[in-house]
Colleague: 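Below you will find the structure I want to go over with you.
The chain is numbered in sequence order, starting from 1. What you see is a predicted model, and the numbers here were worked out from it, not measured in a lab.
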Amino acid sequence: MKKALSLCLVVLLCLTFAACGDEDKAAAPAATDNAATTDAALVGTWVAADGETAIFNADATGSIDGDPFDWSVSGNKLTVTEQNGGTGKLVFTYAVAGNTLTLTNDEGSSMVYNKTVASAEPSGTTAPTQTPDPVTPTVANPSQVVSDGSDLIGIWKADDGLVMTINADGTGSMDDDAITWSVSGSTLALTEKASGETISVVYGTSGDTLTFFTPEGIVIMMFTKQ
């Protein structure tokens, strides 16, 4: 009976202790594949909640905290290949929503980045190199400002098949379990009627996508509106 509401808590705990996946040890190609494509939406500087900085350049090069790499995309897959004779290669599923970038590895762990935007400079002057703010950024989600939760109303389905229904009267369901819900800022509280158990998650919506986050900005679960 509690399976649906407990699922988010289980995923959150797993993400907290998840170890980084091993890098792909396959040999790097001898030359850059001319058929590889790039995505202009990725070009720029991105900062994660833990301060990690990823830079994607328009010429398909980039760096993570100063370590250079080459990159390419195919569909929703991002491939990052180590430079300077290295053989490391990583493949992520990626999604860009406004100034938010989400990278998900093949183990299902995700990291969220915020894009840094340089201020406009007067004509004739050179913009200084922007240093990422050392202060931990606010939780990265596609919809920071939440007023009354009206963006939640509807039927949502997760990748694992979990179906969540949010009604305008503050009621709903997760699969067959009746729930009540409320929002405060960007925090969503879900309470199972039968047990009275409540979980709270940070959430964000972008079009037909609903995402649950930890307070640190790590993706817990994503839903698609039906």
Side-chain angles (χ1 to χ4, degrees), residues 7-8 10-26 28-29 32-33 35-50 52-58 60-65 67-83 86-116 137 139-143 156-164 201-214 216-226:
L7 180 60
C8 290
V10 172
V11 175
L12 186 149
L13 289 173
C14 290
L15 286 172
T16 302
F17 296 102
C20 297
D22 293 336
E23 291 186 350
D24 185 355
K25 301 301 181 179
T32 301
D33 183 2
T37 60
T38 59
D39 184 348
L42 282 169
V43 175
T45 300
W46 304 83
V47 181
D50 62 1
E52 180 177 86
T53 301
I55 300 174
F56 293 89
N57 300 317
T61 63
S63 65
I64 295 182
D65 287 345
D67 296 326
F69 60 74
D70 296 315
W71 66 278
S72 63
V73 300
S74 177
N76 66 341
K77 300 295 183 181
L78 166 66
T79 301
V80 175
T81 305
E82 185 181 4
Q83 289 186 357
T87 59
K89 182 171 72 173
L90 296 172
V91 179
F92 301 93
T93 301
Y94 80 96
V96 178
N99 289 330
T100 299
L101 166 64
T102 303
L103 299 181
T104 304
N105 64 21
D106 56 4
E107 295 179 346
S109 297
S110 299
M111 180 68 76
V112 179
Y113 297 79
N114 284 330
K115 192 171 190 178
T116 61
V139 174
N141 61 62
S143 179
W156 305 85
K157 186 174 183 179
D159 292 340
D160 63 0
L162 174 69
V163 176
M164 179 175 64
V201 293
V202 178
Y203 84 94
T205 57
S206 178
D208 289 336
T209 300
L210 167 63
T211 307
F212 287 172
F213 298 87
T214 68
E216 295 75 27
I218 299 175
V219 174
I220 301 173
M221 186 176 294
M222 298 182 73
F223 298 81
T224 301
K225 198 167 192 178
Q226 303 302 295

Colleague: In Å, rounded to the nearest 0.5 Å, how long is the span from CG of D106 to NZ of K77?
Modeller: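 Nearest 0.5 Å value for the CG-NZ distance: 8.5 Å.
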
Colleague: Are S63 and D67 linked by a side-chain donor-acceptor pair shorter than 3.5 Å?
Modeller: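 The answer is no; no qualifying pair exists.
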
Colleague: Could you tell me which non-hydrogen atom of F69 sits nearest to which non-hydrogen atom of I55, and how far apart they are?
Modeller: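 The answer is CZ-O, 3.5 Å.
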
Colleague: Determine, step by step, whether I64 and E52 satisfy the side-chain contact (heavy atoms from CB on, under 4.5 Å) criterion, reporting the C-alpha distance in whole Å, the side-chain angles of both residues, the deciding distance to 0.1 Å, and the verdict.
Modeller: CA-CA 7 Å; I64 295 182; E52 180 177 86; 3.8 Å; yes

Colleague: Testing the basics here: between Y113 and L103, what is the closest heavy-atom pair and its distance to 0.1 Å?
Modeller: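 Distance-wise, the nearest heavy atoms are CE1-CD1, 3.8 Å.
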
Colleague: Could you state the interatomic distance from CE (M164) to CD (Q226), rounded to the nearest 0.5 Å?
Modeller: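 Spacing of CE (M164) from CD (Q226) equals 11.0 Å.
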
Colleague: Considering non-hydrogen atoms only, spot the tightest contact between V73 and D39 and give its length.
Modeller: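 Result for this residue pair: CG2-N, 3.9 Å.
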
Colleague: Before giving the answer on side-chain contact (heavy atoms from CB on, under 4.5 Å), spell out for T100 and N114 the whole-Å C-alpha distance, their side-chain angles and the decisive distance to 0.1 Å.
Modeller: CA-CA 5 Å; T100 299; N114 284 330; 4.1 Å; yes

Colleague: If we only count heavy atoms from C-beta on, is the D70 to Q83 side-chain gap below 4.5 Å?
Modeller: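 In contact.
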
Colleague: Which heavy atom in L42 sits nearest to a heavy atom in F56, and how many Å separate them?
Modeller: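 Smallest interatomic distance, heavy atoms only, reads O-CB, 3.3 Å.
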
Colleague: Before giving the answer on side-chain contact (heavy atoms from CB on, under 4.5 Å), spell out for L90 and T79 the whole-Å C-alpha distance, their side-chain angles and the decisive distance to 0.1 Å.
Modeller: CA-CA 6 Å; L90 296 172; T79 301; over 6 Å; no

Colleague: Out of the candidates T93, T102, T104, only one should pair with S110 under the side-chain hydrogen bond (donor to acceptor under 3.5 Å, both in side chains) rule; please name it.
Modeller: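 Result: among T93, T102, T104, T104 is the only option passing the side-chain hydrogen bond (donor to acceptor under 3.5 Å, both in side chains) with S110.
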
Colleague: Between atom CE of M222 and atom CZ of F213, what is the distance when rounded to the nearest 0.5 Å?
Modeller: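 Spacing of CE (M222) from CZ (F213) equals 7.0 Å.
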
Colleague: Quick check on D159: does its CG atom have over 12 non-hydrogen neighbours (other residues, nucleotides or ligands) under 6.0 Å away?
Modeller: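 At most 12 heavy atoms, drawn from other residues, nucleotides or ligands, come within 6.0 Å of this atom.
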
Colleague: Do V201 and I220 come close enough that some side-chain heavy atom pair is under 4.5 Å?
Modeller: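 V201 reaches I220 side chain to side chain.
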
Colleague: Using a 3.5 Å distance criterion without hydrogens, assess whether the side chain of T81 forms a donor-acceptor pair with backbone atoms of K89.
Modeller: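 Checking the backbone N and O of K89 against the side chain of T81, no donor-acceptor pair under 3.5 Å is found.
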
Colleague: Hey, mind stepping through V202 and T214 against side-chain contact (heavy atoms from CB on, under 4.5 Å) and telling me if it holds?
Modeller: CA-CA 6 Å; V202 178; T214 68; over 6 Å; no

Colleague: Where is the tightest heavy-atom contact between G62 and W71, given as atom of each residue plus distance?
Modeller: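 The pair with the smallest heavy-atom distance is N-CD1, 4.3 Å.
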
Colleague: When you measure from the side chain of D65 to the backbone N and O of T53, does any donor-acceptor pair fall under 3.5 Å?
Modeller: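 Flag set: sc D65 to bb T53 pair under 3.5 Å.
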
Colleague: What is the distance from atom OG of S109 to atom CD1 of I218, rounded to the nearest 0.5 Å?
Modeller: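 Reported value, rounded in 0.5 Å steps: 8.5 Å.
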
Colleague: For the backbone of A60 and the side chain of N57, can you confirm whether one donor and one acceptor N or O come within less than 3.5 Å of each other?
Modeller: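 Pair absent, no side-chain N/O of N57 close to backbone of A60.
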
Colleague: Is a side-chain donor or acceptor of K115 paired with a backbone partner of V43 at a separation under 3.5 angstrom?
Modeller: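 Indeed, once roles are kept as given, a pair shorter than 3.5 Å links the two residues.
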
Colleague: With respect to F223, which candidate in T211, T209, L162, D208 satisfies the side chain to side chain contact (heavy atoms under 4.5 Å, CB included) definition?
Modeller: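 Answer after filtering T211, T209, L162, D208: L162.
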
